[in-house]
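Working notes for the structure below.
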Amino acid sequence: MQSSPSVLGEVKKDIATRVMRAISKAQDRGDLPKELSVEVKMETPPRPEQGDFATGVAMVLGREIKTDGRSVAGTIIRHLNIDDSPVLRVDIAGPGFLNFFLDASWLEKAMSRVWAEGPSYGRTDYLNGEKILLEFVSANPTGPLNVVNARAAAVGDCLASMLEMAGAQVSREFYINDAGNQTDVLGDSLEARYRQALGQDFPLPENAYKGEYLKDLAQSLVVEKGPSLLDLADDERHEFFKSYALQKILDWQKKTLQDYGLTFDTWFSEKSLRDMGAHNLVVELLRIKGLTYEKDGAIWFKSTDFGDDKDRVLVKSDEHATATYIVPDLAYHKNKLERGFNHLIDILGPDHHGYVNRLAAGLMGLGYPKGVLEVLIVQVVRLVKGKELVKMSKRGGEFISMDELLEEVGKDAARFFFLMRSPESHLDFDIDLARLQSNENPVFYVQYAHARIASIFRQAKEDGFKFAMGPNEIDFSLLRDASELALMKIIAAFPEEVYEIAKAREPNRLIKFMMDLATAFHAFYTRCRVLGEDPALTAARLYLAKLAQIVLANALRLIGVSAPESM
RNA sequence: GCGCCUGUAGCUCAGGGGAUAGAGCACCUGCCUUCUAAGCAGGGAGUCGCAGGUUCGAUUCCUGCCAGGCGCGCCA
């Protein structure tokens with residue numbers, strides 16, 4: 001597994017270091033006050049005429065010392081040493097930006113890195129040593145996955161892949177809520193459907209799961225077993241329906257996620273924790289630490305000590321002294337940390353945001369540091385068709401399921417659309433747009449760039465082009481068109497982008513990057529004919545096209561969308 | 001009442017203390033006898049919800065307000 005800092009990262013760091021040295025030199029000479037300390041952040045300016053890299057550090061310093069940014073920038077430049085660097089020229093621009101113009105040597109180096117690393121290009125070691133457990137989807141095993149689950153699945157899977165690419169060790173985990181009274185209700189609901197399927201006039205239990213899928217399950221049980229299940233003893237029968245329903249629905253969810261191209265590393269059962277007695281242990285630990293008290297016959301946790309807005313019941317006052325759901329969840333998160341992960345990320349739905357504080361409080365109560373748990377809330381999804389809001393499925397009474405969504409628009413469009421928006425924004429998912437097989441659908445824009453490149457190589461082969469490819473075979477100086485330089489810069493930025501985006505937990509920015517990359521390629525394709533008369537130029541452009549294709553493929557892999565060879 | 005999310009172009013949304021606020025779709029004008037036109041080039045289109053504050057500079061940060069969405073159990 002190859003990992004190294006990106007070429008772009010090295011260049012930025014080199015320039016930042018030189019700027020830092022210039023600042024301290026200016027301080028030594030008394031041109032800038034001594035006590036200043038500042039971080040030099042290198043960015044990519046919005047327009048090519050503003051250089052390859054820029055920093056606003058002079059303006060930041062200017063604020064500190066009440067001097068205008070441009071004159072501070074002038075001071076920095078006077079002390080700046082750019083010997084043995086790719087920097088050709090430094091400009092002061094606007095309110096005091098330092099704009100750096102570089103020769104193309106760093107791009108050549110960056111491109112050969114892409115060539116060498118291929119499918120693993122983008123990998124860095126920024127997050128080496130991080131052991132992250134990323135829990136997402138974790139839908140209740142009481143029904144089909146819904147569209148918010150699909151959104152969380154897209155976000156979680158992409159985030160996990162990006163964190164891995166940035167050097168972290170990541171485990172994708174699905175928590176199965178296979179204990180608690182909802183599972184009893186599920187079993188009873190199935191039993192009622194089974195009896196109804198046998199012709200009995202049998203009512204659904206209170207709070208029953210009313211979906212069609214339980215009727216289907218019941219029907220297949222009748223076909224398989226006839227009325228024989230009614231002969232079982234009460235306990236045995238109850239247990240059978242419960243575990244049968246759980247197993248079937250879980251299998252179904254697994255199948256849906258598999259169709260989505262998502263594989264979890266672990267499926268963690270709540271029941272297994274409960275069987276180990278982990279629940280009682282959590283309550284006991286909190287009691288020993290003096291963080292619990294009794295009131296109204298219940299046991300409470302002083303979560304307000306840890307920033308929660310009210311204390312929470314741990315053990316109910318009912319006759320069975322049942323634990324509330326916070327207890328198994330605390331036991332579960334404690335277990336995650338005991339498995340050696342140093343950081344936990346949960347992706348939860350919008351209905352759980354009120355739950356975050358008490359969970360964090362509980363973990364702190366158990367003695368874990370603040371911040372080991374990070375919770376990302378994925379917001380609601382509304383399905384629309386053009387202007388019309390889609391609420392119900394054709395079958396009536398149920399919200400449209402993830403299966404139905406995938407059937408309608410396919411995995412590629414679904415994942416792309418979910419990742420286009422920032423996770424915390426409310427999403428209107430336009431089914432009509434997503435299923436369109438045309439240029440109106442943004443997913444094709446990126447895929448098309450990949451397919452177009454594949455097509456160039458097919459054509460090259462057909463035409464019998466003889467070309468030697470690779471960084472040592474081509475004349476890099478032939479790639480000097482503005483569109484070629486722009487394309488190379490985006491390609492060079494990929495590893496840093498992956499790291500920055502993973503760190504910010506904003507996978508939607510990867511979509512933006514891919515759109516920009518596709519745009520840069522399409523512009524290059526239009527301006528620069530790849531397969532031309534000049535063999536040296538053809539070889540150089542084929543090389544660049546190949547590199548663009550590598551990055552497109554790597555980025556598409558990160559979001560779990562296919563990279564077609566033709567469209 | 002409290003908490004969370006959102007308010008940016010006709011629509012769906014990015015962005016973010018600074019340099020002329022962006023994309024996709026829609027609309028208008030050009031571009032296919034040559035590597036896929038699912039493309040490219042260009043154009044019109046915005047008081048960045050409203051009002052204050054901090055700042056040399058706010059669409060971005062802070063406060064208040066308005067609007068929309070979601071949540072607030074000894075349910076999970």
Side-chain angles (χ1 to χ4, degrees), chain A residues 45-47 49-50 54 56 59-60 62-63 66-69 93-97 99 140 142 177 179-183 185 207 270 295-300 309-310 312-318 321-326 328-329 349-357 377-380 382 384 386-387 417 420-430 433 436-449 451-460 462-463 465 483 506 508-509 511-512 515-516 518-519 521-532 538 541-542 545 566-567:
Chain A
R47 270 165 276 277
E49 64 270 22
Q50 292 161 336
M59 278 133 41
V60 178
R63 173 167 50 210
K66 308 271 181 234
T67 312
D68 76 288
F97 286 102
N99 289 345
N140 284 332
T142 52
N177 293 276
N181 57 22
Q182 56 166 351
T183 59
V185 175
N207 303 321
E270 174 185 354
K295 194 179 84 179
D296 307 330
I299 300 177
W300 294 69
D309 53 356
K310 53 184 160 188
R312 305 294 171 174
V313 171
L314 292 176
V315 182
K316 296 186 223 173
S317 59
D318 65 14
T322 329
T324 61
Y325 63 93
I326 183 88
D329 270 3
D351 47 335
H352 284 78
H353 85 261
Y355 177 62
V356 176
N357 280 342
I377 300 289
V378 170
Q379 278 295 340
V380 289
R382 294 196 311 172
V384 296
K387 290 227 183 300
F417 272 64
M420 266 199 306
R421 309 291 178 232
S422 76
E424 76 270 17
S425 74
H426 300 224
L427 174 66
D428 280 350
F429 191 110
D430 189 334
L433 180 60
L436 265 183
Q437 302 281 318
S438 78
N439 63 334
E440 289 167 56
N441 189 338
V443 66
F444 291 112
Y445 185 74
V446 176
Q447 291 183 316
Y448 181 56
R452 245 183 167 180
I453 298 170
S455 167
I456 296 173
F457 280 91
R458 275 194 301 272
Q459 187 66 43
E462 206 172 292
D463 293 352
F465 265 97
S483 66
E506 290 170 347
N508 51 300
R509 283 167 50 191
I511 301 291
K512 170 87 162 64
M515 301 283 272
D516 289 347
T519 298
F521 172 75
H522 287 309
F524 158 72
Y525 180 91
T526 305
R527 278 174 65 107
C528 305
R529 192 179 165 83
V530 176
L531 306 175
T538 297
R541 287 180 172 165
L542 278 168
S566 69
M567 287 172 71

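A note on names: the letters A, B, ... follow the listed sequences, proteins ahead of strands, and every chain is numbered from 1. Only heavy atoms go into these numbers, but all of them, side chains included; no hydrogens, no water, no symmetry mates. As the structure is a prediction and not an experimental result, all values here were calculated from the model.
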Is it the case that the side chains of A:Y525 and A:S483 hold a donor-acceptor pair, with the cut-off being a distance below 3.5 Å and no angle test? no

Whole Å only: how far is the CG atom of A:D516 from the C1' atom of B:rA23? 8 Å

According to salt bridge (charged side-chain N to carboxylate O under 4.0 Å, His left out), who are the partners of A:R458, at least two apart in sequence or on a separate chain? none

What integer number of Å spans the P atoms of B:rC32 and B:rA37? 12 Å

Round to a whole Å and report the spacing from CD of A:E440 to C1' of B:rC27. 13 Å

Assigned glycosidic conformation for B:rC32 [threshold 90° from 0]: syn

Within the 4.5 Å heavy-atom criterion, are A:P95 and A:F97 side-chain neighbours or not? yes

Whole-angstrom distance between B:rU8 and B:rG68, as gauged at atom C1': 16 Å

Is the closest side-chain heavy-atom distance between A:L531 and A:L542 below 4.5 Å? yes

side-chain hydrogen bond (donor to acceptor under 3.5 Å, both in side chains) against A:H522, all qualifying residues, sequence neighbours excluded: A:R452

Atom P, compared across B:rC61 and B:rG7: separation rounded to whole Å: 11 Å

With 3.5 Å as the limit, what N/O pairs link the protein to nucleotides 38-42 of chain B?
| residue | atom | partner | partner atom | Å |
| --- | --- | --- | --- | --- |
| B:rG39 | OP2 | A:N439 | ND2 | 3.2 |
| B:rG39 | O2' | A:R452 | NH1 | 2.8 |
| B:rC40 | OP1 | A:Y445 | OH | 2.5 |
| B:rC40 | O4' | A:T526 | OG1 | 3.2 |

Do A:R382 and A:D428 make a side-chain contact, defined as non-hydrogen atoms from C-beta onward lying under 4.5 Å apart? yes

Expressed as a whole number of Å, how far does the P atom of B:rA26 sit from that of B:rG39? 10 Å

Whichever of A:G532 and A:I377 has its nearest RNA chain B nucleotide further upstream toward 5': A:I377

Expressed in whole Å, how much space separates the P atoms belonging to B:rG49 and B:rA9? 8 Å

Nearest-Å distance, CG (A:L433) to P (B:rC13)? 12 Å

Determine: side-chain N/O of A:N357 to OP1/OP2 of B:rC4, distance under 4.0 Å, yes or no. no

Starting from C1' on B:rU55, measure out to CE on A:M59 and report it in whole angstrom. 13 Å

A correct 5'-to-3' footprint of nucleotides 69-76 of chain B, with B, S and - meaning base, sugar-phosphate only and no protein heavy atom under 4.0 Å, is B-S-SBSB

A:E462 near the nucleic acid: base, sugar-phosphate alone, or nothing, with a heavy-atom cut-off under 4.0 Å? nothing

Identify, with sequence neighbours excluded, every residue that meets side-chain hydrogen bond (donor to acceptor under 3.5 Å, both in side chains) alongside A:N181. none

Restricting to side-chain hydrogen bond (donor to acceptor under 3.5 Å, both in side chains), what partner residues turn up for A:D68, sequence neighbours left out? A:S71

Within-4.5 Å side-chain heavy-atom neighbours: A:V380 and A:P350: yes

Report the distance from atom CG of A:L427 to atom C1' of B:rC11, rounded to the nearest whole Å. 14 Å

A:F97 CZ - B:rA19 P separation (whole Å): 6 Å

Give A:T142 one of three labels, base, sugar-phosphate or nothing, depending on what nucleic acid heavy atoms sit under 4.0 Å from its own. nothing

What is the nucleic acid contact for A:A545, judged by heavy atoms within less than 4.0 Å: base, sugar-phosphate only, or nothing? nothing

Judged by each residue's nearest nucleotide on RNA chain B, which is more toward the 5′ side, A:Q50 or A:F524? A:Q50

Suppose you measure atom C1' in B:rG15 against the same atom in B:rU20; what distance do you get, rounded to whole Å? 16 Å

Using the P atom as the point on both nucleotides, what is the distance between B:rC5 and B:rU63, in whole Å? 12 Å

Over 60° means perpendicular and under 30° means parallel, so classify the ring planes of A:Y355 and A:H352, tilted if in between. perpendicular

Under 3.5 Å on both distances, the Watson-Crick or G-U partner of B:rA51: B:rU63

Which part of the nucleic acid does A:A451 contact within heavy-atom distance under 4.0 Å: base, sugar-phosphate only, or nothing? base

Nearest listed nucleotide, side chain of A:P46, among B:rA19, B:rC13, B:rG24: B:rA19

Could you identify the nucleotide paired to B:rG71, looking across every strand shown and requiring Watson-Crick or G-U wobble geometry with both distances under 3.5 Å? B:rC2

B:rC66 versus B:rA38 - spacing of their C1' atoms, nearest Å: 43 Å

Identify whether any heavy atom of A:N508 sits under 4.0 Å from a base atom; if not, whether one sits that close to sugar-phosphate; answer base, sugar-phosphate or nothing. sugar-phosphate

I would like to know whether A:F417 and A:L427 meet side-chain contact (heavy atoms from CB on, under 4.5 Å); could you show each step before the answer? CA-CA 9 Å; A:F417 272 64; A:L427 174 66; 5.9 Å; no

Expressed as a whole number of angstroms, how long is the span from A:D428:CG to B:rG7:P? 13 Å

Base-pairing mate for B:rG42 - Watson-Crick or G-U, with both contacts under 3.5 Å: B:rC28

Calculate the interatomic distance between A:R421 atom CZ and B:rC11 atom P; express it in whole Å. 14 Å

Any heavy-atom pair between the side chains of A:I377 and A:E424 that's under 4.5 Å? no

